[in-house]
Q: 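This structure is in structure tokens; I'll ask about it shortly.
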Amino acid sequence: MVGAMSSTRESTHGEHEHTVHADHDAHAGHADHAGHDAHAGHGGHTAHVAQYRRLFWWMLALAVPTVLASDMFASIVGYRLPDWPGLDWVSPVLGSVMFVVGGRPFLTGAAGELRARKPGMMLLIGLAITVAFVASWAASLGIADHELDFWWELALLVVIMLLGHWLEMRSLAQTSSALDSLAALLPDEAEREVDGRIEIVAPDDLRVGDVLVVRPGARVAADGGIVAGSASFDESMITGESRPVVRGVGDRVVAGTVATDSGVRVRVDATGDDTAIAGIRRLVADAQASTSKAQRLADRAAGWLFWFALVAAAITAIAWTALGMPDDAVVRAVTVLVIACPHALGLAIPLVVSIATERAARAGVLVADRLALETMRRVDIVLFDKTGTLTEGEPAVVESIAVDGDTDRLLAVAAAAEAQSEHPLARAIVRAAETASLIVPDASDFASSPAVGVSAAVDGHRVRVGGPHLLDEEGARELPQVEPWRAEGAIILHVVIDGAVAGALRLADGIRDESRHAVDALHALGIEVAMITGDADAVARSVAAELGIDRVAANVRPEHKEHEVARLQAEGRTVAFVGDGVNDAPALARADVGLAIGAGTDVAIASADVILASSDPRSVLSVIELSRQSARKMVQNLWWAAGYNLLSVPLAAGVLAPIGFVLPMSIGALLMSASTIVVALNAQLLRRLDLDPARWS
């Protein structure tokens with residue numbers, strides 16, 4: 001499946017290179033183009049943005065006098081040109097510069113489309129500006145009718161198309177620049193421990209197995225696992241989480257994150273291109289090589305309009321010539337070819353993509369494949385991995401029972417006994433006592449027995465905390481009140497004080513509060529919700545019942561999660577799979593849309609279509625909303641832009657001439673400008689889209 005995805009991206013890249021890459025060549029040369037195709041770095045997109053930006057502003061500066069000095073524009077607006085010597089040559093001279101310099105990317109792209117025999121946007125634009133250039137010079141030299149003075153229209157066309165391509169390049173470069181900034185956060189030096197000595201090395205010199213010394217306030221130089229110490233890490237650069245996360249021995253840390261309060265030692269397990277950040281950069285490179293279905297639809301629409309314009313112009317010339325009006329035949333045919341150029345169509349998709357990209361970035365959504373974003377609006381079932389996605393991914397004390405009724409005292413004593421243990425259940429008990437602001441007494445004589453529990457002296461009493469084997473050793477019986485917990489598959493620990501059972505603690509993987517809101521909101525949109533987990537059926541059904549989930553698949557091994565996705569697809573469902581990236585790679589790749597929640601794992605980077613920077617499952621709703629709204633705007637803009645051409649071309653050709661109406665070039669131009677304005681304003685409405693996950697609560 002991963003290979004299939006790569007093939008799709010490559011073929012998409014091939015389709016797109018005739019539109020975007022061809023005009024890159026016009027500015028950067030073929031060598032740069034080759035580097036861009038190879039995704040040697042993200043500087044190419046940034047350079048193209050700067051080139052298009054400069055070119056746009058220079059052409060806009062030239063367009064103003066070109067338009068204002070045009071006789072036809074003056075007659076349309078209703079002002080008289082001053083009788084200045086040489087004024088008649090301002091538009092021809094500046095217009096020629098705009099055609100040669102500003103029109104170069106489109107002419108180069110048109111040549112590429114001709115060679116590929118795939119007419120599209122570039123060829124349609126190239127045709128229009130070439131016809132306008134030739135006809136305008138003919139009019140300026142007195143060879144053709146003065147109505148063919150299209151210098152002002154040529155100027156506006158070049159400026160508007162450059163604006164559209166600038167926006168498209170900017171939308172691609174936004175993610176790249178963000179990731180370049182991310183990579184810039186990596187430290188320039190690392191401290192490596194060798195035979196008890198500390199040596200300063202460059203991160204590029206690190207190898208798997210090296211032990212790094214990460215001091216308080218320092219950044220981790222490579223991905224790895226903590227082998228000594230614990231610290232709070234600022235992982236906001238990777239996950240988007242604003243609060244520091246405590247990491248201890250056995251926990252994995254990612255290059256670029258910051259140890260905020262104490263030092264640790266990290267054993268390197270990934271360097272260079274194998275790190276999480278490098279994986280994200282590769283993923284974005286693939287995304288930039290892809291294009292959306294809507295963009296390809298715009299290119300196809302432009303191809304259809306190209307043939308439509310040629311056929312309409314030919315029929316127009318033949319018809320008017322047959323009527324004995326060869327001069328009118330030339331004017332009408334040229335007008336058809338110029339008016340067919342899609343001002344609005346050139347902005348329809350790039351503007352929507354640019355704004356959608358900006359909105360996604362602000363919401364912490366990294367779109368790895370535009371096709372996935374478009375598919376998201378058609379998803380009818382969302383399959384969540386349970387652990388770490390709908391739940392916190394770590395055990396938590398969710399309920400307690402005390403024989404004497406004092407549950408606070410019971411929890412404080414249990415926390416005292418567990419304080420020196422590194423077991424996840426022990427940490428959960430200590431964390432619960434801290435959250436409840438309980439006073440935890442000191443403990444001594446700590447002892448731990450695998451598969452049994454821990455013991456310690458607390459306030460002169462012998463306290464033991466453990467599971468069923470502990471009760472067997474003590475010869476004690478389980479409290480009857482915990483039977484409902486056992487039926488739900490919960491983890492149960494008993495607290496024994498001086499040989500007597502004092503109470504019990506129920507631990508479970510805590511459900512995120514946001515998960516309830518996410519499930520309810522998905523149901524409100526008519527989307528079914530399913531859950532998959534390797535946990536026991538009782539645990540899975542307990543979580544599903546609490547959240548109102550429709551389908552549950554329990555006892556599923558990680559390698560079999562993909563089968564569940566395939567089974568749902570076999571039912572004809574469009575499936576979005578949401579996982580935390582750990583052991584979820586096959587399912588993320590198999591799903592119609594794979595969403596990795598929390599962007600810190602290499603598996604998520606390699607397999608997901610969309611990466612959600614936060615761990616909030618409500619972010620899935622934001623992606624759906626963005627997909628639906630951006631698709632709606634694209635379709636609206638395409639219909640508006642193409643609809644203008646389909647209506648104005650026949651009118652300009654003179655289909656209503658028998659009843660005395662022929663669309664004047666001036667009116668057609670005004671309608672063309674109005675169409676562009678409508679498309680631009682319609683796309684701007686996306687900025688009002690609220691993608692804050694909290695809005696779904």
Side-chain angles (χ1 to χ4, degrees), residues 70-76 88 91-92 95-96 99 103 106-107 110-111 113-114 117 119-158 301-345 641-673 675:
S70 168
D71 270 333
M72 182 179 288
F73 184 80
S75 64
I76 292 173
D88 292 344
S91 292
S96 296
F99 174 75
F106 310 113
L107 296 173
E113 289 181 354
L114 277 175
R117 297 181 181 179
M121 186 75 72
M122 290 295 175
L123 188 54
L124 188 56
I125 298 171
L127 174 66
I129 63 176
T130 301
V131 170
F133 176 74
V134 173
S136 298
W137 262 117
S140 297
L141 295 174
I143 301 173
D145 193 292
H146 72 280
E147 289 186 52
L148 296 181
D149 180 0
F150 292 131
W151 290 119
W152 71 280
E153 175 60 21
L154 169 64
L156 290 180
L157 183 55
V158 168
W304 297 332
L305 285 175
F306 170 77
W307 293 114
F308 174 67
L310 280 185
V311 172
I315 293 175
T316 300
I318 294 170
W320 285 91
T321 301
L323 292 173
M325 292 178 281
D327 291 342
D328 287 338
V330 174
V331 172
R332 291 291 105 206
V334 171
T335 300
V336 164
L337 289 174
V338 174
I339 212 171
C341 187
H343 289 63
L345 194 58
Y644 158 78
N645 293 80
L646 294 175
L647 177 64
S648 61
V649 167
L651 293 178
V655 294
L656 297 182
I659 62 173
F661 178 79
V662 177
L663 180 68
M665 179 58 204
S666 57
I667 302 300
L670 290 176
L671 291 176
M672 191 181 299
S673 299
S675 174

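Throughout, numbering of the chain's residues begins at 1 and tracks the sequence.
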Q: Taking all non-hydrogen atoms of both residues, which atom of Ala132 and which atom of Leu154 are closest, and how far apart?
A: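 Of all heavy-atom pairs spanning Ala132 and Leu154, the closest is CB-CB, 4.2 Å.
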Q: I need the Trp152 CH2 to Ser70 OG distance, nearest 0.5 Å.
A: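 Trp152 atom CH2 to Ser70 atom OG measures 7.5 Å (nearest 0.5 Å).
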Q: Could you tell me if the side chain of Phe99 sits less than 4.5 Å from the side chain of Val158, heavy atoms only?
A: no
Q: Give, for atom CH2 of Trp137 and atom CD1 of Ile143, the distance between the pair rounded to the nearest 0.5 Å.
A: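 Spacing of CH2 (Trp137) from CD1 (Ile143) equals 10.0 Å.
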Q: Might you point out which heavy atoms bring Ser96 and Phe133 nearest each other, and give the distance in Å?
A: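 Closest approach of Ser96 to Phe133, heavy atoms only: OG-CE1, 3.5 Å.
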Q: What's the separation between atom CD1 in Ile315 and atom CG in Leu310, rounded to the nearest 0.5 Å?
A: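 If we round to the nearest 0.5 Å, Ile315:CD1 and Leu310:CG are 11.0 Å apart.
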